[in-house]
There are 2 protein chains.
Amino acid sequence: MSTDPTPPGFELPLRLLLAFRTIIDELHERIAREGHPDLRPMHGFVFQAIGPHGTTAVELGRRLGVSKQAAGKTIEGLEQLGYVARGSDPADARRKVVRLTDRGVDCLARSARIFDELRAEWSATLGEEQLRRLEDGLRQLAPGDPFRLDTPRWFGTP
Amino acid sequence: MSTDPTPPGFELPLRLLLAFRTIIDELHERIAREGHPDLRPMHGFVFQAIGPHGTTAVELGRRLGVSKQAAGKTIEGLEQLGYVARGSDPADARRKVVRLTDRGVDCLARSARIFDELRAEWSATLGEEQLRRLEDGLRQLAPGDPFRLDTPRWFGTP
DNA sequence: ACGGATGGACAACCTCGTTGACTATATGGA
DNA sequence: TCCATATAGTCAACGAGGTTGTCCATCCGT
């Protein structure tokens, strides 16, 4: 009886990234076929950061880890794509509230459904028990809120 | 006896990304303390793409999934940081071969050692058996060569 | 009522990617 | 041999998206 050699340490992180990419690419392929071909991987993060109640450019920048000006540009782009709309706040004339449009909400709902479908497919591939062990292991390796919203900017320059 | 509810489908990809970020951030924190404070997450990919025998700007761009001009700019930056050096190819006067310097090789060796150290720490946290099951599961979810070198560009715009 | 804090917008700049055009060199076929 | 084509590298212009600095309108506590 022999023991498998220990895998090199760099394999796990690369597999983590590859698995993430695989999932996100598959998500965007499907959501593009369902009428949202303009979305980029980072847009899902932005939609989550905007949230169901809307937000402002300053708050969005804080959540995404970018300046308020950068958040403003992102909002402008999503506005032109029809995913968000800006309105005024009657209680504070300075604030301009950004909310998801029906199209944005539709996109978010489809994303959630497709993610669930993908998980069901992985469950069928690995077995539900092994998938849960994998999720449990990841929770121990990387505890805390998985919604780190400053990820899009994390690559790139200092 | 009750069954835990199925986690939402979006948790797994977010945990995959969070775990990857955690590992890479830890790597760069340690390698910065060991004399390489200028490195960015993407530089490890570039070093791997250059490889032990050196390469050219065109080939590097092909491996990284960017244009030869972008690869050239990246090489220029790493050259100024002292991690790579350019030489000429006696067999083909058009080619300029990019090779890792001693400093680049040192960095690559330290990365490999730190990755192994980190894996040993995760093994102590999760238990070697569970860590292997996690790696096995990821290999099934994301099979194939984990060295997808076009990742740095993968976020960002079309 | 006023002075500081806050939200938003505009401008200038930086980094890093792109495409297009150009030069120098290899290479293969008439 | 000679020429057409393909390839390696570089330069220039541009765009996306981030940064900081500045300014103005609006709130809010004293």
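Letters go in sequence order (proteins before strands), and every chain restarts at 1.
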Margin query: Between the base of D/dG9 and the side chain of B/Lys96, is one N or O donor paired with an acceptor at under 3.5 angstrom?
Written below: no
Do A/Gln69 and D/dG17 share a donor-acceptor pair, side chain to base, under 3.5 Å?
->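 Not at all, since no donor on one side and acceptor on the other fall under 3.5 Å apart.
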Could you tell me whether [X] and [Y] make a salt bridge, using a distance below 4.0 angstrom between a side-chain N and a carboxylate O?
| X | Y | answer |
| --- | --- | --- |
| A/Glu129 | B/Arg133 | no |
| A/Arg30 | A/Glu121 | yes |
| A/Arg139 | B/Glu11 | yes |

Any base atoms under 4.0 Å from A/Ala70, or only sugar-phosphate, or nothing? Heavy atoms, all strands.
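Since a base atom lies under 4.0 Å of A/Ala70, the category is base.
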For this session: Run the ring-centre check on B/Tyr83 versus B/Phe47 and record whether the distance is less than 6.0 Å.
Result: yes
inquiry  = Please compare A/Lys68 and B/Val58 by the position of their nearest nucleotide in DNA chain D and report the one closer to 5'.
reply    =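 Looking at the nearest nucleotide for each, B/Val58 comes out on the 5' side.
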Per nearest nucleotide of DNA chain D, the residue lying toward the 5' end, B/Gly72 or A/Ser67, is B/Gly72
[atom1] of [X] versus [atom2] of [N]: gap in Å, rounded?
| X | N | atom1 | atom2 | result |
| --- | --- | --- | --- | --- |
| A/Arg62 | C/dA5 | CZ | C1' | 12 Å |
| B/Ile75 | C/dG17 | CD1 | C1' | 15 Å |
| B/Glu76 | D/dA12 | CD | P | 12 Å |
| A/Arg94 | D/dC23 | CZ | C1' | 15 Å |
| A/Lys73 | C/dC10 | NZ | P | 11 Å |
| A/Leu81 | D/dA16 | CG | P | 12 Å |
| B/Asp92 | D/dG9 | CG | P | 9 Å |
| A/Arg95 | D/dC28 | CZ | C1' | 15 Å |

_Whether B/Thr74 contacts C/dT15 is assessed here as follows: a side-chain N or O lying under 4.0 Å from the phosphate OP1 or OP2. Is that the case?_
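Negative; the distance criterion is not met.
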Can you tell me if the side-chain N/O atoms of B/Arg86 get under 4.0 Å from OP1 or OP2 in D/dT10? yes
> Under 3.5 Å, is there a donor-acceptor pair linking the side chains of A/His43 and A/Asp38?
Replying inline: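 A/His43 vs A/Asp38: no donor-acceptor pair found between side chains.
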